[in-house]
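The next block holds one structure in the form of structure tokens; read it before the comments.
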Amino acid sequence: MAVATLTVDQVLAWRASRHLLHRPAGVAPVDVVGRLVGVQAQVASTAEQAVAARQADPRPGAVAAALARRRLLRTWAMRGTLHVLRVEDAPACLSLLAAGRFWEKGSWQRTFVTVDRLAAIAESAAAALDGRTLTRKQLTAEIVERTGDRTVAAHLDSGWGAVLKPLAWQGLLVQGPTEGNRVTFTRPETLLPDWPGLPDPEEAASRVVPAWLGAYGPASAETFDQWLSRGGSKRAALRGWFARLVDAGELVPVTVDERPAYARAVDVDEIAAARPDDAVRLLPAFDQWVLGPGTKDTTIVPADRRASVSRAAGWISPVVVHRGRVVGTWEARDGEPVVELWPESPPVPADGLDAERARVRAYLSGGGDA
């Protein structure tokens with residue numbers, strides 16, 4: 001079988017369309033989240049902005065409204081970070097994370113709790129949250145009482161939620177409605193009466209891998225796993241997920257500037273026909289354009305500028321994107337988007353940049369699109 005030969009420019013132009021960066025009319029927040037296979041939501045406002053950056057007529061608070069309507073779900077997911085996910089996508093994503101059994105690694109147990117203690121925490125949390133919604137403090141108190149182990153309280157009270165993440169990946173808890181500025185937790189079955197539970201990992205992979213490649217492909221299995229778990233999946237399982245999809249004809253091998261990758265078979269002709277345009281986009285912190293392929297992908301972020309994008313404490317800067325590549329960063333100061341273009345980058349159209357500034361300014365002021 002002949003292997004399609006593609007270029008990075010074709011790939012980035014195609015991805016921009018798949019990421020809805022051309023902002024087609026009538027795209028709902030849930031559709032954006034689904035297309036991106038989740039949006040990182042460690043900071044709620046950046047998730048709102050990531051969705052708004054892909055809508056023709058954005059409105060602040062759209063993600064929060066979709067969460068309230070139970071169309072989106074917020075929980076610890078890819079790479080152990082908080083994400084908003086479409087309700088129908090969450091079980092498969094969580095299944096692949098649970099399959100990694102990351103909490104069974106010796107380094108994890110030495111840092112946090114043993115497998116046996118985690119199992120006791122999980123059993124207690126599942127019982128405490130059955131039909132109920134609890135704050136972190138309330139959940140911690142219930143788990144301590146049920147396990148009789150006061151030493152777990154420090155782990156459970158941590159804002160990073162390290163000990164609660166394996167419970168989220170196993171589908172035992174999700175975030176519930178906020179109470180003021182307090183996070184709450186509940187069982188997914190409590191929040192969503194039609195919750196189906198987690199599918200088998202192989203079934204989950206048959207959904208998640210093609211969906212991810214439909215936004216971030218063509219790409220390698222290793223890049224997919226970096227997005228999913230920072231490279232933590234079991235090697236044999238990861239290879240098997242991709243091999244079965246190739247055997248089924250859903251994925252095909254391609255090359256991108258002579259590097260091997262996988263693409264969805266249905267996308268190859270469209271990628272080959274894609275051509276870059278001069279659009280400029282101001283994308284928020286933690287945007288999926290950067291997080292999907294990862295900040296180490298030098299086709300997106302220049303190697304000598306990675307430290308400007310991937311910063312201390314896991315912060316991912318807001319970025320300026322031109323022709324699919326990051327060409328600078330920006331920040332909001334008193335509602336004004338202040339841009340820093342990198343002098344070594346190719347020229348950015350001034351009118352496009354001005355239009356983006358005006359659009360972001362209008363959104364930050366609460367007025368939606370400019």
Original post:
Donor-acceptor pair, Arg54 side chain versus Ala50 backbone, under 3.5 Å?
Top reply: yes
Original post:
According to the interplanar angle, ranging from 0 to 90°, do the rings of Trp212 and Phe224 count as parallel (below 30°), tilted (30 to 60°) or perpendicular (above 60°)?
Top reply: perpendicular
Original post:
Checking Glu222 side chain against Gly231 main chain: does a donor-acceptor pair fall under 3.5 Å?
Top reply: no
Original post:
Is it true that a side-chain atom of Arg15 and a backbone atom of Tyr216 form a donor plus acceptor pair closer than 3.5 Å?
Top reply: yes
**OP:** Quick one: do Glu336 and Arg333 satisfy salt bridge (Lys or Arg N to Asp or Glu O under 4.0 Å)? Show the steps, please.
**Re:** CA-CA 5 Å; Glu336 178 67 25; Arg333 297 178 190 166; over 6 Å; no
Subject >> Which atom of Leu118 lies closest to which atom of Val163, heavy atoms considered >> reply: CD1-O, 3.6 Å
**OP:** Could you tell me whether the side chain of Glu340 and the main chain of Trp330 form a donor-acceptor pair under 3.5 Å?
**Re:** no
Original post:
Would you find a donor on one side and an acceptor on the other, under 3.5 Å apart, between the side chain of Asp31 and the backbone of Ala28?
Top reply: yes
**OP:** Let me see the working for Glu344 and Arg305 under salt bridge (Lys or Arg N to Asp or Glu O under 4.0 Å), right down to the final yes or no.
**Re:** CA-CA 10 Å; Glu344 70 275 15; Arg305 287 291 186 174; 2.7 Å; yes
Subject >> Short side-chain to backbone donor-acceptor contact, Thr255 and Arg259, under 3.5 Å >> reply: no
Subject >> Val326 reachable from Trp315 in the ILVMFWY side-chain graph, under 4.5 Å edges >> reply: yes
Subject >> Closest approach of Ala77 to Leu97 (non-hydrogen atoms, all atoms of both residues) >> reply: C-CD1, 3.4 Å
Subject >> Heavy-atom donor-acceptor pair, Gln138 side chain to Thr135 backbone, under 3.5 Å >> reply: yes
**OP:** State whether the side chain of Arg74 and the backbone N or O of Ala41 hold a donor-acceptor pair below 3.5 Å, judged by distance alone.
**Re:** yes
Original post:
Closest approach of Gly171 and Leu198, non-hydrogen atoms and distance?
Top reply: N-CD1, 4.0 Å
Original post:
When Leu283 is tested against each of Val290, Val321, Thr46 for side chain to side chain contact (heavy atoms under 4.5 Å, CB included), which residue passes?
Top reply: Val321
Original post:
When the ring centroid of Phe102 is compared with that of Trp169, is the distance short of 6.0 Å?
Top reply: yes
Original post:
Between Thr186 and Leu191, is there a donor-acceptor pair closer than 3.5 Å when you use the side chain of the first and the backbone of the second?
Top reply: no
Original post:
Should His19 and Ser17 be marked as a side chain to side chain donor-acceptor pair (under 3.5 Å) after you check the CA-CA gap, both sets of side-chain angles, and the distance that decides it?
Top reply: CA-CA 5 Å; His19 271 244; Ser17 175; over 6 Å; no
**OP:** Answer yes or no: are there more than 12 heavy-atom neighbours, outside Arg23 itself, under 6.0 Å from its atom CZ?
**Re:** yes
**OP:** Flag yes if Val338 and Val280 sit in one hydrophobic cluster, no otherwise; membership is Ile, Leu, Val, Met, Phe, Trp, Tyr, and two members link when side-chain heavy atoms are under 4.5 Å apart.
**Re:** no
